[in-house]
Each structure stands twice: as structure tokens, then as C-alpha cells.
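Since the structure is predicted, the reported quantities are computational estimates derived from the model, not experimental observations.
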Amino acid sequence: MFFCMVQNRWFFKNHKENNKQQPNYYRMKKLLSILLCVIAIQGWSVTYLDLTTVNGDSPEVERFIQEASTNGGTFISLFDSMGDSYRSANYWMARRLGDRLGVSGYGMNNYRNNTLVGSSGGTKSVDVLATPSKYWFNNYYIVPPGGRLWWFKQYSSTGHWSDMQGIAYVKYPGGGPFTLNVSTNGGPWTKILDLDGYTDDIDGVGVVTNLILIPNYYQIMVETPINASGITNIILGPNIENSQIPGIKIVFLDRGGIAMNAFTNVSRKIRDPIFKAFSHNPLVLWHAKEPVGPQLTEWLAEFEQCLSNSMPNAVIAYIGTPLTVLDSGYPTTNTITVQQNILTRENAVAHRSVYVDCMVSSISYEWMVLMGYIEADGIHETLLGNQYFSGIIWNALGLYALKSPRTLSIQANGGGVNVSYECSTNACYTLQMSSGGSPVWQDLITTSGYSGPMSTNMPVTESMALFRLKLSPPL
């Protein structure tokens, strides 16, 4: 009798009674390397703390992988310059996801010059670092009467091939009428929709308005009528999608230098609708350098609450931020990075979110300098360093399994069985067997760097044999 796993259930068939091929499916187990960090907490006393990756192989992550492999998803990057859209590990994660799944769209902040900003008529960007706002935690735009704001793709006069174009904006007491305009295939601007940025709610209300269009090349533009005196409209960013591609939509919500209270100071009436608009199978990657103290725990809890309301199916992954010049005493002193990562990991555990260790993996500040992984400012990682850390994040979340074959087929074959499966260069495949009800799994065949079918005949001498495939990062 042989067994294999079908999702979370054991499937078995007496191979002496049925010679037909039995296709079976097994939820791939992802490797999680276990590390132990030893640091000093008080004076020179040494305490053992668990700052390893946690929940990287959770059912929520597995669901994201399965769904994204067939129907795509949304990648959302937060928070400060550690999650910026041009250099950070989050940036490299977006590139990895786009290369594996294809890019289906873009949202909010510019990424790889796909949503560059043009403006005229007095439209201006508000820097929330210089002018904190209760209306949004990233930089946003004020469009006055006669003002225009549009988004364009570098080296393209026609825009993005898409079937949905939209914007995120905030209604508030100082807002008023404005129009949404579209340019088709590089043609003139055409008004499509009249909108209103006014509400009497002093906290403001977040809105995402989308236009469903016939697939073509489009650009989108916002305009406040010149006769709408005494008003200014708050525009946050674009929302562009090609639904014909079951790929990843890339959304960056970053502003260097801000703390998380910039987020918590914005009303839920603004935040929740905005995040809900990006709730298609979302993977949220949080990476920041935050002030350490009780307020950080409060801010993280508020962040969790917001996302649990607006995108309850989200996988939230917190990055245990790497060491910096401020951590030169690590591991013999309780440095600021250690303190932040302790609080961040505690929050992830409390809310069943993911914590990915990139601190123990950074070895020491001196090692980071030696490897060329840290900038001259001693805080930010270089492009090379962020590539390194994005690989750690990718493997910790098991994203090598995206679009990788995951089918195990077993067919009775005389006194044994024939086991066959497809391999991909995306992952390392290990065929395992357990005999006679033993909890011990024996590695039979390991394949890495190969794409194509695998087939092997296995003798079965025990009354019961179990087979499974284990996926791990490529060797």
C-alpha cells in the first residue's frame, strides 16, 4: 500500500489492486533555516533571544503562492527609505516577483519610471516629511483651479497597455470638483469622468476611482476646473492595471525619513478604502528603521488592525532590519537595531504575521562594510547588499515555489511503484519516502538546476509506503 499527500489529507491506494496512474498533490514544505542570536541585554550579561524567521511557511504564505501562481496578486512595499522603490530589498523583491509572474500593473509611487509625474497650472507635491499631514503618510499632490496632474511612462508617448486606469484621492472640506481625463494611444486628453473632492468630514475620506476601458495604450490626467475658485484637490497616486495578465501589481508606499506615526495619524476613513483597493491577493512587505519604545508596539498594532479590516487576506511580512553603523557593538551590546527587531518580531508573532530575519544574516556592521553591502552613510544597504537580502526574504517566504510544478504521480508497477513528477530550475526537488508508518522521511533523489520530467521505479517491501516531494531553494 502506498500513500501520498493531497493538500492536507493522506491519500492511499493498494497498489496490488489498481495499476492505473494515481495523480496526487502535496503541499510543498519550504526550508526554514534556524539560527540563534546571542546578545547582551544588560551590561555584559548574555541572553539568548530568538530573532529567527517565523511564520515564513504559514498557510497564509502558502495560499499566496498558490493563488499568485495562477491568478497573480499585489505586492505592496512600505515604509521609509528601507522600502524605497529604487534601491531597497523591497525594490529587488518587486523585480523578482515581476520576473517570475509578469507585471500586471502599478500603483501609487513611481517604480522603475513607469509612473513618472507631470504637472502644470500650480499643481505641487506636498512633502510630508517637511509638512506632516493628517491626510496621507506619503508625499501627495495638491491640484488647484486650473491645475493639472498626470502620469507617464519613460520613453513612451502612449502610456501603458491596460484596461483599467484610476486614481486614489482624498475628499476633505477644502476639496471640490475635478475631472478624470484619458489619452488613448498618445491622442488628445478626453474627459471621462466628473469627480468631487469635497466632504464635510474634517478627517477626510479616502477614495479610489477606476475606469474600466477597452484594452489599449492609455495615460490618465486629473484637472481642477479653472473656475472652481477657493478649492484644492488632494490626489495621492495612480492605479493602473492590465487584467489580461495574471501577474503582480506593484504598489510602493514609501517616503524616506518618516516614522510610523505618519501612518497612524491618518484617519482610518482614509486609509482603509485606499488599502482595500489593492486587496487582490496582497503580499505586504514592511521594512523600516523606527524609533524604539512603547509607541512602536502601538503603531505596529494599529498597522495590523488597518490591514486586517481593509485586506484580511493579506500576507504581512516584517523585515528584521539589517545591522548599521549604530550597531558596531553587536552582539555584545543591546543595540538599537536589536531592540527594534525584538519588538517587530513580537508583533509578528502576536498577529500571526511573518517576520523575516535580515539582522542575524547581516553578521556584523564590519562584515557588511567588507562585503560592500552598506552605503557610506552607514545606514542604507547598497544595491548589492539589497540584492543579497532580497534573496534571503525570497527563500524565507518560499517564493521559489511560484509557478513551479508541484504534482506527484504514483502508479503501481509490479512489486513496487513508479513515481513521476516535473522539475523546474526555480527550485530544488527532493523525493522522500517513509516506510512502515515511520515518522522518519528518507531522501531518495535530489534534483536542482534541471527542468523537465523525473521518473523512478521504487520497490515497496513494507506493507505501507509514503512518498512526498519537498521543495527548497535551488542549490
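Taking 4.5 Å as the limit, some side-chain heavy atom of Val354 sits within range of a side-chain heavy atom of Leu397. Contact check for Pro294 versus Thr297: no side-chain heavy atoms found under the 4.5 Å cut-off. With contacts defined as side-chain heavy-atom distances shorter than 4.5 Å, the pair Leu402/Leu101 qualifies. The side-chain heavy atoms of Ile319 and Tyr355, taken from C-beta on, include no pair separated by under 4.5 Å. Here the side chains of Ile363 and Met368 are not in contact, with every heavy-atom distance at 4.5 Å or above. Using a 4.5 Å heavy-atom cutoff, the side chains of Val419 and Leu408 are in contact. At least one side-chain heavy atom of Val182 sits under 4.5 Å from a side-chain heavy atom of Leu211. Side-chain atoms of Arg100 and Trp394, non-hydrogen and from C-beta on, do get closer than 4.5 Å to each other.
Side-chain atoms of Asp272 and Ser310 form no donor-acceptor pair, as typed in the model, at a separation below 3.5 Å. Using modelled atom types and a 3.5 Å distance limit, the side chains of Thr446 and Tyr429 yield no donor-acceptor pair. The closest side-chain donor-acceptor pair between Asp443 and Gln432 falls under 3.5 angstrom. Between the side chains of Asn242 and Ser162, no donor-acceptor pair is found at a separation under 3.5 Å. Side-chain contact annotation: Asn109 with Asp254, donor-acceptor N/O pair under 3.5 Å present. If you check the side chains of Ser81 and His380, you find a donor sitting under 3.5 Å from an acceptor. In this structure, a donor-acceptor pair under 3.5 Å is present between the side chains of Asp50 and Thr52. Thr321 and Lys289 are linked by a side-chain donor-acceptor pair at a separation below 3.5 angstrom, with hydrogens and angles left out of the test. For the residue pair Asp84 and Asn90, no side-chain donor N or O sits within less than 3.5 Å of a side-chain acceptor on the partner. A side-chain donor from one of Ser353 and Glu304 sits under 3.5 Å from a side-chain acceptor of the other.
At a threshold of 4.0 Å, the pair Lys403-Glu67 does not count as salt-bridged, since none of the basic side-chain nitrogens sits closer than that to a carboxylate oxygen. Under a 4.0 Å N-O distance rule, the pair Arg87/Glu381 does not qualify as a salt bridge. Salt bridge present: Arg271 and Glu302 bring a charged side-chain N and a carboxylate O closer than 4.0 Å. Ion pairing between Asp357 and Arg345 fails under the 4.0 Å rule for side-chain N and carboxylate O.
Atom CD of Gln154 is separated from atom CG of Asn110 by 9.0 Å, given to the nearest 0.5 angstrom. The CG atom of Asn341 lies 11.0 Å from the CD atom of Glu346; values are rounded to the nearest 0.5 Å. Atom OG1 of Thr324 and atom CG of Asp377 lie 9.0 Å apart (nearest 0.5 Å). Between the OG1 atom in Thr430 and the CG atom in Leu444 there is a gap of 9.5 Å [rounded to 0.5 Å]. Taking CG of Leu78 as the reference point, atom CZ of Phe275 lies at 5.0 Å (rounded to 0.5 Å). Between atom CG of residue Asn313 and atom OG of residue Ser308 there is a gap of 11.5 Å, rounded to the nearest 0.5 Å.
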* Asked: What's the verdict on side-chain contact (heavy atoms from CB on, under 4.5 Å) for Leu471 and Ser404, showing C-alpha distance, side-chain angles and the deciding distance?
  -> CA-CA 9 Å; Leu471 264 66; Ser404 298; 4.2 Å; yes
* side-chain contact (heavy atoms from CB on, under 4.5 Å) evaluation trace for Thr456 with Leu431 -> CA-CA 10 Å; Thr456 184; Leu431 177 65; 3.9 Å; yes
* Does the side chain to side chain donor-acceptor pair (under 3.5 Å) test come out yes or no for Ser455 and Asn418, once each step is laid out? -> CA-CA 7 Å; Ser455 178; Asn418 175 267; 3.0 Å; yes
* To do: Begin from the C-alpha positions of Tyr140 and Tyr135 and carry the test ring-ring contact (aromatic ring centres under 6.0 Å, His included) through to its verdict.
  => CA-CA 9 Å; Tyr140 59 89; Tyr135 292 122; 7.5 Å; no
* **From CA spacing to verdict: salt bridge (charged side-chain N to carboxylate O under 4.0 Å, His left out), Glu60, Arg352** => CA-CA 9 Å; Glu60 291 78 11; Arg352 297 180 62 190; 3.8 Å; yes
* To do: Report the C-alpha separation of Asn113 and Tyr155 in whole Å, then their side-chain angles, then the decisive distance to 0.1 Å, and conclude whether the side-chain contact (heavy atoms from CB on, under 4.5 Å) test is met.
  => CA-CA 9 Å; Asn113 291 346; Tyr155 308 126; over 6 Å; no
* Check the pair Cys306 / Phe303 against side-chain contact (heavy atoms from CB on, under 4.5 Å), numbers first and verdict last. => CA-CA 5 Å; Cys306 171; Phe303 178 70; 5.7 Å; no
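The aromatic ring centroids of His160 and Tyr106 lie less than 6.0 Å from each other. Here Phe137 and Phe79 bring their ring centres to under 6.0 angstrom of each other. A ring-centre distance under 6.0 Å is found for Phe252 and Tyr111. For Tyr330 and Tyr365, the ring centers are positioned 6.0 Å apart or more. Aromatic rings of Tyr373 and Tyr388 (six-membered ring for Trp) have centroids within the 6.0 Å cut-off, being under it.
For the pair Asn426 (side chain) and Tyr400 (backbone), a donor-acceptor distance under 3.5 Å is absent. Put simply, the side chain of Ser361 never gets that close to the backbone of Cys358: no donor and acceptor are under 3.5 Å apart. No donor-acceptor pair closer than 3.5 Å links the side chain of Gln340 to the backbone N or O of Gly320. Side chain of Thr53 to main chain of Gly56: no donor-acceptor pair is present (N/O by atom type, distance under 3.5 Å, no hydrogens or angles). Here the side chain of His280 pairs a donor or acceptor atom with the backbone of Asn71 at under 3.5 angstrom. A donor-acceptor pair under 3.5 Å is formed between the side chain of Asp163 and the backbone N or O of Ser243. Checked by atom type and distance alone, the side chain of Asn386 pairs as donor or acceptor with a backbone atom of Thr382 at under 3.5 Å. For the pair Ser362 (side chain) and Ser364 (backbone), a donor-acceptor distance under 3.5 Å is absent.
Closest non-hydrogen pair, Tyr169 versus Ile234, comes out as CB-O, 3.2 Å. When all heavy atoms of Ser390 and Arg96 are compared, the pair lying nearest together is OG-NE, 3.1 Å. Taking every heavy atom of both residues into account, Ser434 and Pro439 meet most closely at OG-N, 4.4 Å.
More than 12 heavy-atom neighbours from other residues, nucleotides or ligands sit within 6.0 angstrom of NZ on Lys269.
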Identify every side-chain donor-acceptor pair in residues 212-219 under 3.5 Å, counting partners at least two apart or on other chains, and give the distances.
residue : atom : partner : partner atom : Å
Tyr218  : OH   : Ile214  : O            : 2.5
Gln219  : NE2  : Ser157  : O            : 3.3

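Tested against Tyr318, the residues Thr344, Asn55, Asn347 include a single side-chain hydrogen bond (donor to acceptor under 3.5 Å, both in side chains) partner, Asn347. The residue from Val266, Leu236, Ile258 that alone fulfils the side chain to side chain contact (heavy atoms under 4.5 Å, CB included) condition with Asn138 is Ile258.
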